[in-house]
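Read the structure below first, then the notes.
What you see below is based on every heavy atom in this structure, not just the backbone, and it leaves out hydrogens, waters and symmetry mates. Since we're looking at a predicted model, the values are computed, not measured. Chain naming here is simple, since letters A, B, ... match the order of the sequence lines and numbering starts at 1 in each.
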Protein chains: 2
Amino acid sequence: MAATIRDVAQVTGVHISTVSRSFSAPHLVNEATRGRVLAAAARLGYRPNRAARALTTGRTYNIGLIVANIANPYFPPLIKAAQAHARERDYHVFVADTDEDPAVEEELVHALAKQVDGVVLASPRVGNRLIEQLARSVTLVLVNRRVEGLPAVLMDMRGGTRQVIEHLARLGHTRLAFAGGPPGAWTNREMRRAAAASARAMGLTLEVLGPHHPTENGGAAAAEEVVRTGATGVTCYNDLMALGLAERLGELGVRVPEDVSVVGVDDISPSRHTRPKLTTLAMPTAAAGRLAVDMLLQLAGDPDASNATATLDVALVVRDSTGPARRS
Amino acid sequence: MAATIRDVAQVTGVHISTVSRSFSAPHLVNEATRGRVLAAAARLGYRPNRAARALTTGRTYNIGLIVANIANPYFPPLIKAAQAHARERDYHVFVADTDEDPAVEEELVHALAKQVDGVVLASPRVGNRLIEQLARSVTLVLVNRRVEGLPAVLMDMRGGTRQVIEHLARLGHTRLAFAGGPPGAWTNREMRRAAAASARAMGLTLEVLGPHHPTENGGAAAAEEVVRTGATGVTCYNDLMALGLAERLGELGVRVPEDVSVVGVDDISPSRHTRPKLTTLAMPTAAAGRLAVDMLLQLAGDPDASNATATLDVALVVRDSTGPARRS
DNA sequence: ACAGTTACTGCAAGCGCTTGTCATTCGCCC
DNA sequence: GGGCGAATGACAAGCGCTTGCAGTAACTGT
């Protein structure tokens, strides 16, 4: 059996409350006494039981991190950064994967609610309505989703998408397509709108494809559509889809970028290795993870801290999957 | 404030113990009573507080999963599978990243110990001695590490490595090299030994390089060594290193696979996209994650369940980074 | 009709810890 | 030397829940 506060108190010859305060309110106990307590604790290998502490204080020192799909290379850097950042602040993190299923997402928030001081909901797939409701039972910080009144860290998808369209336009493309991802994703909506607006402003046509599953298979599924529409420039919901799209286009005898230019979003690591290397929008996922944790801990400590939302810049990385439009 | 067991009891007009039993020992309470309790609970949105429950039962229904590096594509499939599997069994999982640091690893096990029913230690970097000691304070299941008396899920690295060497030998390579990874990794030791043994048995020379960091940079760092030794067949600790190595070799004017054949280990997703596509050993990481969770829950439920260790098969995937030896 | 079950349900202690309250002790001042 | 406040530490209630024990009522068989 692990040592409890009582063991330490007994060994030291003080009351358990003194032991407790030696850890959580050092200034309230005599320096010498505290020294003896700490020594005894160290000797016994005593560590306060966080769960028990949480029972009285209401603070668990745990947070939840819910993501759509751990296996999507977009998330690991975010998870890693969030976890490391939390750990430095003495927080542990529950990581959960919804497998893109909104129902699972909702259930997870509820299940985790009691065990955490708050949860970071990354790229949620549930509706805004439900999010607002969930936010009433647990402190929430959103990533990649804007909901009135809730703290969030966002990426500048509009600016980024505009850069992509401009890039394509500069290369002479006039017929564009957007291969859409999950309909529930805020990012998807932002991109779709921004792409449509930019294309219109520049006098280009833009076909919206999808929705597709945000994976290589989903991208592959969009390939035929692309061919059918005759678009020469395609921007995808994410890199995974772009990769699958490029691969499938190759199989269909369509060369990238000679015949069709393909752009991804996320700049996940595989995109740097493919041939052609993928032109993409790089997302500051690690920074987003850290920032989300910061906001969450802030809020957890002080319930009416500001509910600010931060928007992070994204950067267009031009590589080899985009090139001059073929003259028709 | 969230509803507690007391609220439910009050609304239903029964004692809290009856409410408690309605959830955890249904057969002990009258069907009609239980129905009223459940209805009231649903109406109030009551959910038992797991932390409070754990305090008396000693079971948290949480597990820990500690990995060396979340950002290494090897781990996400394992994490995802383990998490999903655990969730189906009503367990939540703390995921922690040690960033390859043994000290962090030890600290994490200790910090998590009180909050979990056990922890899965994937690809540990700490020494066996310490692992044995840690196992005394928390139920442990190892992945990619063999320690006498502890449950583990292993990969058949010896068989796999032998396959790699044989593959290279068949292609006519006689001067081989092994680009080693973290010295603390069991996998690394197994591979090194198996490679040496196989090479010896087949009359080939094998140079051991490293240790190197198990990343693309580490692989790149091994490139000069490879050139210096004149090896024409190189097998690496993992895919990340193989990718970095191949890339750097290209920069040095060495062609893969014409001049040097490169083999990786793990079959992470980027390896399928590079040009040339990487020949590698595929590891059943998702299965390993599920199995580790199964073993852990088994052990958590029944402390003296068998401490079996399972060994999973790995498969050589021949792609384009290996080819016939150039005749000298 | 009665002892012996059986089926529920209530009671209360206690899991490991925090914290408001109170009793002592001590140093210090006038 | 008496009085005061600060410093220190003990007490005990209580966080939300489980569980051994005991009480009650209805039911069984004879």
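- Evaluation of the side-chain hydrogen bond (donor to acceptor under 3.5 Å, both in side chains) rule for A:Arg125 yields A:Glu100 as partners, not counting sequence neighbours.
- Considering only residues two or more places apart in sequence or on other chains, B:Arg189 meets the salt bridge (Lys or Arg N to Asp or Glu O under 4.0 Å) condition with none of them.
- Across the protein-nucleic acid pair, B:Asp7 atom CG and D:dC17 atom C1' stand 13 Å apart, rounded to whole Å.
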Mind listing the side-chain donor-acceptor pairs of residues 134-152 of chain A below 3.5 Å, one per line with the distance, residues two or more places apart or on another chain?
| residue | atom | partner | partner atom | Å |
| --- | --- | --- | --- | --- |
| A:Ser137 | OG | A:Leu134 | O | 3.1 |
| A:Asn144 | ND2 | A:Tyr74 | OH | 2.9 |
| A:Asn144 | ND2 | A:Ser123 | OG | 3.1 |
| A:Arg145 | NE | A:Asn128 | OD1 | 2.7 |
| A:Arg145 | NH1 | A:Pro124 | O | 3.0 |
| A:Arg145 | NH1 | A:Gly184 | O | 3.1 |
| A:Arg145 | NH2 | A:Val126 | O | 2.2 |
| A:Arg145 | NH2 | A:Asn128 | OD1 | 3.2 |

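- Distances were taken from every side-chain heavy atom of A:Pro48 (C-beta onward) to each of C:dC17, D:dT19, C:dT19; the shortest belongs to C:dC17.
- Across the protein-nucleic acid pair, A:Phe23 atom CZ and C:dT19 atom P stand 15 Å apart, rounded to whole Å.
- Pairing each heavy atom of B:Ile5 with each of B:Tyr46, the nearest pair is N-CE1, 3.3 Å.
- Remark: B:Asp302 engages no residue in a salt bridge (Lys or Arg N to Asp or Glu O under 4.0 Å) (not counting sequence neighbours).
- In this structure, A:Arg59 places its CZ atom 19 Å from C1' of C:dG16, rounding to the nearest Å.
- Rounded to a whole Å, the CD1 atom of A:Ile5 is 8 Å from the C1' atom of C:dG16.
- Annotation: side-chain hydrogen bond (donor to acceptor under 3.5 Å, both in side chains) contacts of A:Arg6 (sequence neighbours excluded): none.
- Listed by chain and number, the residues in a side-chain hydrogen bond (donor to acceptor under 3.5 Å, both in side chains) with A:His110 amount to none (sequence neighbours excluded).
- Partners of B:Asp97 according to the salt bridge (Lys or Arg N to Asp or Glu O under 4.0 Å) rule, which considers only residues two or more places apart in sequence or in another chain, are A:Lys80.
- Taking each heavy atom of A:Leu65 and A:Ala82 in turn, the nearest pair found is CD2-CB, 4.1 Å.
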Pairs under 3.5 Å (N/O, protein and nucleotides 24-28 of chain D):
none

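- Annotation: proximity of residues 107-118 of chain B to DNA chain D (heavy atom, distance under 4.0 Å) is found for no residue.
- Contacts classified as side chain to side chain donor-acceptor pair (under 3.5 Å) and involving residues 23-40 of chain A (residues at least two apart or in different chains) are not found.
- Listed by chain and number, the residues in a salt bridge (Lys or Arg N to Asp or Glu O under 4.0 Å) with B:Glu132 amount to none (sequence neighbours excluded).
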Problem - Under 4.0 Å protein heavy-atom contact, by nucleotide of nucleotides 7-15 of chain D - B base, S sugar-phosphate only - result: -SSBBB-BB
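- Counting non-hydrogen atoms under 4.0 angstrom, A:Tyr46 reaches the backbone sugars and phosphates but no base.
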